[in-house]
Structure formats: structure tokens, C-alpha cells
Amino acid sequence: MTATLSDPLVIAGKPYRSRLLTGTGKFKDLDETRLATEAAGAEIVTVAIRRSNIGQDPGQPNLLDVLPPARYTILPNTAGCYTADDAVRTCRLARELLDGHSLVKLEVLGDQRTLFPDVVQTLQAAETLVREGFKVMVYTSDDPILAKRLEEIGCVAVMPLAAPIGSGLGIQNRWNLLEIVENAKVPILVDAGVGTASDAAVAMELGCDGVLMNTAIAGARQPVLMAGAMRKAIEAGREAFLAGRIPRKRYASASSPIDGTIG
Amino acid sequence: MEILLNGAPHACLDDTTLARLLADNGYAGRRVAVEINRTIIPRSAHETTRLQPGDRVEIVHAMGGG
């Protein structure tokens with residue numbers, strides 16, 4: 001059974017075999033970034049757009065040397081942006097940086113303590129970016145109404161949080177996520193808050209189309225090992241979702257035949 | 001003349017092209033994107049764009065992020 005192979009995740013018209021998207025931040029070095037990304041089996045990887053260090057050794061390896069855009073779909077993010085203007089500016093720079101590449105991860109943050117999204121600024125930025133031809137994957141709160149609004153604006157994927165970024169708390173509101181998934185016509189990916197493999201599996205069992213994570217892998221004691229665990233959890237969760245879980249019952253139901261017992 | 005390069009004062013010769021500035025700072029052939037005074041200068045225009053005193057130049061690249 002290769003349900004996960006024959007069951008691609010389609011984002012902006014492009015099929016992907018992997019439903020695990022990974023971030024590239026917080027790793028020890030670029031080697032670990034590469035090894036963890038490979039172990040995760042990720043095909044889409046997020047990157048940040050930042051000022052380069054003037055005067056830095058130009059021979060130093062670059063992130064895109066170890067994760068080449070020819071092999072990976074690079075998903076530039078707007079992390080660290082607190083206004084729609086800054087987020088749009090960052091996306092335009094990313095498009096120039098990546099030779100006209102239009103797929104972006106939009107996140108507009110509202111508060112440094114929680115890193116919760118500022119949904120008003122997020123909506124504004126999404127409208128502008130869609131109008132400018134960007135393919136927007138949008139990070140948002142786990143609010144079903146807002147998720148629908150972002151889909152209607154034209155975002156190619158909606159990515160509600162499971163819990164605050166980097167918190168590792170796991171899925172805090174599975175009923176909201178379920179509501180979002182059931183109403184969506186675009187892929188729904190859990191973005192942020194996953195702590196360990198079972199969290200990722202739960203997201204997939206709820207019917208989410210994928211999971212985006214960074215800290216849960218990069219912050220593990222053994223990031224490469226955790227990346228592999230996450231890959232399996234995503235696949236297991238997806239297959240369980242497709243297979244259909246049994247209904248929950250309060251009382252037992254014997255697995256072995258009742259007839260023909262000895263005595 | 002002086003410009004502001006990634007937020008810090010930076011001295012360069014009058015009439016310097018953007019391509020020259022990038023090469024002098026080790027960015028020749030590197031994957032970067034450049035803004036001058038908040039306007040993106042496409043790679044195809046780096047050779048022909050000349051810096052003016054006080055220009056605010058931003059050079060960005062991709063780095064690890066989630």
C-alpha cells in the first residue's frame with residue numbers, strides 16, 4: 001500500500017509526494033540543516049529573507065548551496081514582519097532573489113510574546129500579494145471564519161497554528177482545525193506548535209493536508225533522528241486518515257470469536 | 001561619497017554602479033536581492049544603476065528560517 005505516494009499534496013498546481021514541510025532555522029550548521037531536511041523527506045523548505053552581513057567572508061557556504069532551488073521548492077517567509085507593508089516588501093525581495101519565484105509563506109505577527117498572527121494585517125497583505133500575482137501560503141490563527149476568508153481572497157494554502165510558534169505544545173484546538181479542514185477547498189497545513197511525532201500524526205489524522213515545522217526538528221536532541229520520526233508520523237497519520245478510524249465506543253467488543261470457546 | 005549600506009554608513013567612489021558596489025563587497029555572482037531607497041533594482045539593471053550620495057541600499061539573501 002503506497003497511499004502516500006499515489007496521494008500527492010497539490011499546492012498551486014504542483015504535486016508533492018511529501019506532506020512534511022520543514023523550516024531551515026535553528027540548526028547547528030548547514031550540514032545538519034541538509035541532513036535533517038533529507039531525513040524529513042521534505043520537498044518544500046522555508047527560508048527567511050534577511051540583510052546579508054556586509055564584510056562577511058564571501059566564500060562562506062550559503063543556505064541555497066546546500067538546499068538548491070533546482071531540487072527543493074524554496075518557500076521564502078515573512079517571519080519577523082509585524083505590518084502588512086513589511087511583509088509585502090519582503091515577498092517582493094524574495095521574488096527578485098529567487099528569479100521571479102512567486103510561492104511565499106505569509107506571516108504577519110502581532111505580538112513578540114506569543115508570536116500570534118496579526119490577522120488584520122495578514123488579510124491586508126494577502127490581498128495585496130494575491131493581486132500582485134504571488135502564490136500565498138498563509139500562516140494564521142486556528143479560526144475557521146478567518147481561514148475561509150483567506151481562502152476566498154485567493155491564498156493557495158491556509159496554514160493555521162496548532163500552538164504558538166516554537167512552543168511544542170501540540171494541537172490545542174483540534175475541533176477548530178477539523179472545522180477548518182472540513183470547510184476548505186485549498187490545502188490546510190498545520191504550521192507551528194508541533195512538539196513531537198504524535199502531534200504531527202494527530203494533525204494528519206484530523207485530515208490536514210500537511211504539516212510545516214521547524215523547532216520540533218531543529219530543537220530536538222538529535223534533529224536528524226527526529227526528522228525521520230516526523231516523516232513517518234506524517235505518513236502514518238495520512239494513511240490512518242485515509243483508512244478511516246473506528247468509532248469510539250464506551251464498552252469492549254471482543255476481537256476473537258465468541259463461539260467455540262473450550263468448556 | 002557616502003551611502004547607507006544595510007543600515008550602516010559606507011564610503012564609495014562617486015558614480016559607482018550598483019554592480020561595482022556588489023563586487024567590491026564580495027557579492028559578485030552571489031544570490032542576493034537589492035533595494036535602493038525601498039525600490040527593488042532587478043539584477044538586469046545592476047550594471048546601469050549608479051549610486052547617489054545618501055542612497056539607502058539594502059542587500060538581502062536567504063538564510064535559515066521557519
Side-chain angles (χ1 to χ4, degrees), chain A residues 21-27 29-30 32-33 45-60 62-69 74-80 85 89-90 92-100 105 107 115 139 165-166 191-192 212-219, chain B:
Chain A
L21 290 69
T22 55
T24 57
K26 296 185 181 173
F27 287 100
D29 52 32
L30 287 178
E32 190 179 77
T33 310
V45 293
T46 62
V47 303
I49 304 298
R50 290 288 180 272
R51 277 177 170 169
S52 69
N53 253 332
I54 306 296
Q56 174 195 24
D57 173 13
Q60 228 176 44
N62 180 292
L63 178 65
L64 297 183
D65 296 333
V66 299
L67 300 175
I74 305 296
L75 183 61
N77 70 25
T78 62
D85 279 352
R89 182 184 180 193
T90 302
R92 290 175 183 149
L93 278 165
R95 180 155 65 179
E96 163 66 12
L97 183 74
L98 296 166
D99 309 315
K105 171 182 160 179
E107 61 177 283
L115 298 180
Y139 166 67
I165 294 172
D191 178 6
L212 198 168
M213 66 178 77
N214 191 153
T215 308
I217 294 174
Chain B
M1 66 174 182
E2 196 163 88
I3 61 167
L4 213 56
L5 181 56
N6 282 5
H10 186 90
C12 60
L13 294 172
D14 286 2
D15 239 21
T16 301
T17 64
L18 178 54
R20 181 80 252 163
L21 177 78
L22 290 171
D24 286 350
N25 287 280
Y27 292 107
R30 308 283 293 178
R31 193 185 272 278
V32 292
V34 185
E35 260 185 359
I36 299 181
N37 303 327
R38 298 198 66 143
T39 301
I40 291 175
I41 311 298
R43 215 160 292 158
S44 57
H46 287 186
E47 288 286 351
T48 52
T49 302
R50 290 184 187 281
L51 300 173
Q52 307 296 322
D55 273 352
R56 287 171 290 121
V57 181
E58 295 283 348
I59 303 176
V60 302
H61 66 162
M63 60 177 298

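In what follows, every chain begins at residue 1, and chains take the letters A, B, ... in the order their sequences are listed. Atom set for the values below is all heavy atoms of this structure, side chains included, hydrogens, waters and symmetry mates excluded.
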Item to check | For A:I165, side-chain contact (heavy atoms from CB on, under 4.5 Å) partners two or more places apart | outcome: A:E107, A:L109, A:L115, A:Y139, A:A192
Next on the checklist: Which one wins on heavy-atom pair count under 4.5 Å against chain B: A:P76, A:G23, A:G25, A:S52?
Outcome noted: A:S52
Checklist entry - Most heavy-atom pairs under 4.5 angstrom with chain B, which of A:D99, A:T22, A:T215? => result A:D99
Next on the checklist: Main chain of B:R43, side chain of A:E96: is a donor-acceptor contact present, judged purely on distance under 3.5 Å?
Outcome noted: yes
Item to check | Heavy-atom contacts under 4.5 Å, residues 5-21 of chain B to chain A | outcome: B:L5, B:N6, B:G7
Next on the checklist: For A:K105, which atoms come within 4.5 Å of any heavy atom of chain B: side chain, backbone, both, or neither?
Outcome noted: side chain
Checklist entry - What residues form a side-chain contact (heavy atoms from CB on, under 4.5 Å) with A:T90, not counting sequence neighbours? => result A:I49, A:T78, A:C81
Checklist entry - How close do B:Y27 and A:I54 get, heavy atom to heavy atom, and via which atoms? => result OH-CD1, 3.6 Å
Checklist entry - Is a side-chain N or O of B:R31 found less than 3.5 angstrom from the main chain of A:L97, in a donor-acceptor match? => result yes
Checklist outcome for this item: If one checks every heavy atom of A:L30 against chain B at 4.5 Å, the contacting part turns out to be neither
Checklist outcome for this item: Filtered by a 4.5 Å non-hydrogen cutoff, the part of residues 47-66 of chain B contacting chain A is B:E58, B:I59, B:V60, B:H61, B:A62, B:M63, B:G64, B:G65, B:G66
Checklist entry - Would A:R92 and B:E35 pass as an ion pair if we require N to O under 4.0 Å? => result no
Checklist outcome for this item: Counting heavy-atom pairs under 4.5 angstrom with chain B, the leader among A:V47, A:L93, A:L98 is A:L93
Item to check | Contacting region of A:L64 [heavy-atom separation from chain B under 4.5 Å] | outcome: side chain
